[in-house]
Amino acid sequence: MEIHLWRELLIPYELAVKELVIKFNHLKKEHKEKDLYSPIEQVSGRVKTINSILEKMQRKNISWADLEEKVEDIAGIRVICQFYEDIEKVAEIIRKRRDMQVVEEKDYLTHMKESGYRSYHMIVLYHVETLDGPKDIRAEIQIRTLAMNFWATIEHSLQYKYKGNMPPHLKARLNHAAQSILLLDEEMSSVRSEVMDAQNSMLHQSNLVSGILNNIENLYHYSNKREVAKIQDEFYRIYETKDLSRLERFHRELDIIAEGYRAQAVATEEIM
């Protein structure tokens with residue numbers, strides 16, 4: 001393939017990766033805005049380098065004609081979760097989406113690779129619109145925990161260094177580390193409910209504070225500045241108490257006050 005054609009080949013994959021990363025990040029944001037625990041902790045994406053594509057084609061004896069069908073991870077998305085249980089939740093979200101079609105699933109969680117690698121892979125078809133028209137892109141979505149990702153990142157670097165011929169003593173130590181990662185994920189799962197409660201409480205308070213500050217900011221446009229200053233001082237007093245129930249009550253009361261001022265401002269504008 002001519003060099004300039006490589007660039008043309010990869011453009012749709014770059015578009016797919018950008019769009020998918022945005023969509024998964026938006027899912028994370030939507031969970032948090034609704035005061036819901038998000039099974040998505042981090043999202044990243046990449047387009048496979050030309051060098052990596054060529055290496056894979058050579059290793060698996062893939063022809064140019066079969067390139068886009070058989071090299072399924074040219075577009076790669078990595079979704080990182082806090083807990084093992086979150087992996088299936090993310091996979092189920094993907095299965096239910098109408099903007100991507102799951103064509104294959106690879107379970108390296110219950111069928112761990114010999115190296116110790118653990119992850120859940122989903123191959124999806126994702127539709128993009130390009131200058132040359134519509135195109136369905138194959139993308140690989142890897143779903144794993146933070147601990148699994150740490151191990152996989154180290155293992156990938158070592159495999160690259162040794163070109164697939166890692167010394168036996170390193171293989172053994174990596175395999176031992178993989179077992180430790182498994183135990184760590186199991187231990188974290190045992191405190192999952194406690195962690196989720198703490199995180200949901202923090203998230204709820206953050207959303208309350210954001211809503212209150214937004215109302216106070218808007219009141220400066222509708223109300224007397226001295227009155228707004230009093231409301232602001234009251235907010236600081238309640239916030240310092242760390243009493244979530246008082247903060248919730250203040251938020252509800254401020255919503256009513258703010259709505260009253262907004263209605264009054266609209267009525268005044270209509271008269272004028």
### Task
Please lay out, stage by stage, how L184 and T145 fare under the test side-chain contact (heavy atoms from CB on, under 4.5 Å).
CA-CA 10 Å; L184 174 61; T145 65; over 6 Å; no
### Query
Taking 4.0 angstrom as the limit, do K34 and E30 come out as a salt bridge?
yes
### Task
Enter the distance from N149:CG to Q142:CD here, rounded to the nearest 0.5 Å.
8.5 Å
### Task
Measure the shortest side-chain to side-chain distance between L254 and L219 over non-hydrogen atoms and say whether it is less than 4.5 angstrom.
yes
### Query
Is R237 paired with E234 through a side-chain N to carboxylate O contact shorter than 4.0 Å?
yes
### Steps toward side-chain contact (heavy atoms from CB on, under 4.5 Å) verdict (V209, L247)
CA-CA 8 Å; V209 169; L247 200 62; 4.1 Å; yes
### Query
Got a sec, which pairs hit ring-ring contact (aromatic ring centres under 6.0 Å, His included) with one end in residues 120-159, sequence neighbours left out?
Y108-H121, Y117-H121
### Query
For D99, does the CG atom sit with more than 12 other heavy atoms under 6.0 Å from it, leaving out its own atoms?
yes
### Query
Taking the side chain as C-beta and beyond, is there a heavy-atom pair between R78 and R46 under 4.5 Å?
no
#### Entry: E72/K56 salt bridge by N-O under 4.0 Å criterion
no
#### Entry: Rounded distance [0.5 Å steps], CD1 in I80 versus OG in S119
7.5 Å
### Message
Can you tell me if E186 has over 12 outside heavy atoms packed within less than 6.0 Å of its CD?
### Response
yes
### Pairing of E14 and R7 as salt bridge, 4.0 angstrom limit
yes
### Message
Salt bridge or not between K135 and E68? Use side-chain N to carboxylate O under 4.0 Å.
### Response
yes
